[in-house]
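First the structure, in the form of structure tokens, and then the observations on it.
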2 protein chains.
Amino acid sequence: MATSRERILDAYADALAVDGERHATLDAVAAKAGVSKGGLLYHFPSKDQLAEALCERLFALAADDVDKMRDAADGPARHYIRTSHYANTPLDRTLVAVARLQQAGDPRARAAIEQISDQWLSVLADALGDRDVARAVKLIGDGLYHHAMSNALGGQPRTPLDEGLLAVIDRLIDQSADAPRT
Amino acid sequence: MATSRERILDAYADALAVDGERHATLDAVAAKAGVSKGGLLYHFPSKDQLAEALCERLFALAADDVDKMRDAADGPARHYIRTSHYANTPLDRTLVAVARLQQAGDPRARAAIEQISDQWLSVLADALGDRDVARAVKLIGDGLYHHAMSNALGGQPRTPLDEGLLAVIDRLIDQSADAPRT
DNA sequence: GTCTATATTGTGATAGAC
DNA sequence: GTCTATCACAATATAGAC
């Protein structure tokens, strides 16, 4: 059994991602985590510290993902596109939750997402040897991610990654292998 | 002088985009629009009708933009990339505001953005003659838009579109002209 | 059309029992 | 560690004066 602290953090991330920042109230999170509001506030004395802890969790999960990306068999770029297809993994749930905090104006959330985004871009640029193609690949991946996430949270069915689009992306990635380093 | 109704709608869009959905309260909107809360509620009897009116405004502005895109001198694709660089136009402000509503779980906002997004994709596909390249261009444009918007609202300085990235996009667009229709 | 109350509910946080 | 009260405040919305 996960600790109460972990269950509360899970419930908070879930409430943020699924119901939106506005509905992620202490009441809702406590109910979802199976504790009382008082119980919740013992582990996280304020709502702000809940957000803080969630950002820390995101950093840890993202660091793991960056490592996996570097070691991916088909290369970081194709790994990034593949995993840009929101799949409700712990990283996905946390990233979407923190994105909600960012949209609500939380400066820590904004800084966290920007920093992690920079890490991903660096790995792509190192692997492709071309910062411009790396940016294009990252933008396409980000666009796919937003789209899939928006569908998932809107209750839409999950569609597979389009083969034709993948072919276009493959051409983009392959072209960089020949291009001179910038 | 704009009508009170228009000023209230402007203030609501501004509050949503700049301060986030949570801070776009009736009090805040009324103050920004220079009317009392009671005055606001005369024009929009509920907060829900404010959101409704904003979605309608978005549809009108987006329809204009689709027309401009079709007639763009450098073609719809390059027009889309150019205007993906958040510039605080009326369309930008309204689109970001409605995006905030979507993120807060408003189903009308979600439907509106999806419908407009589909219109843009259709124009791109018609112009490029290749639905897959059109999707890639749209995803890159969307990614650029999110990034520029996030910077603008985070108070970051506005940076010009990167020349190298534009070259990569140009190659992507040009390659579609030769490709067979799908 | 616009204002000033005011009713009502939801939310974050505290106090103190167990 | 977890709970039940309870407080203070903010938010939507209503009623009715001007």
Presence of salt bridge, B/K32 and B/D10, under 4.0 angstrom: no
Across all chains, not counting sequence neighbours, the salt bridge (charged side-chain N to carboxylate O under 4.0 Å, His left out) partners of B/D65 are none
Check the distance between D/dA11's P and B/D27's CG and give it to me in whole angstrom. 6 Å
Take the C1' atoms of the five end pairs on each side of the helix from C/dG1-D/dC18 to C/dC18-D/dG1, derive the two axes, and give their angle rounded to 10 degrees. 0°
Partner set under side-chain contact (heavy atoms from CB on, under 4.5 Å) for B/A2, not counting sequence neighbours: B/E6, B/R7
For A/H146, all residues meeting ring pair (Phe, Tyr, Trp, His ring centres under 6.0 Å), sequence neighbours excluded: B/H146
Please determine whether a side-chain nitrogen of the Lys or Arg among A/R110 and A/D106 lies less than 4.0 Å from a carboxylate oxygen of the Asp or Glu. no
Would you please name every residue forming a side-chain contact (heavy atoms from CB on, under 4.5 Å) with A/A104, sequence neighbours left out? A/E21
More than 12 heavy atoms from other groups under 6.0 Å of NE2 on B/H43: yes
Where does the chain A footprint on DNA chain C start and end, counting 5' to 3' with a 4.0 Å heavy-atom cut-off? C/dT11 to C/dT14
So, using side-chain contact (heavy atoms from CB on, under 4.5 Å) as the criterion, who are the partners of A/A87 when residues are at least two apart? A/T89, A/D92, A/R158
Short of 4.0 Å, heavy atom to strand atom, which residues of residues 34-45 of chain B count as contacting DNA chain C? B/V35, B/S36, B/G38, B/G39, B/Y42, B/H43
Neighbour count above 12 (heavy atom, 6.0 Å) for A/H79 NE2: yes
Which residues share a side-chain contact (heavy atoms from CB on, under 4.5 Å) with A/D71, sequence neighbours left out: none
Considering residues at least two apart in sequence or located in another chain, which fulfil the ring pair (Phe, Tyr, Trp, His ring centres under 6.0 Å) criterion with A/Y80? A/W120
Looking at residues 15-25 of chain B, who's got a heavy atom less than 4.0 Å off DNA chain C? B/R22
Which residues satisfy the salt bridge (charged side-chain N to carboxylate O under 4.0 Å, His left out) test with A/D162, sequence neighbours excluded? none
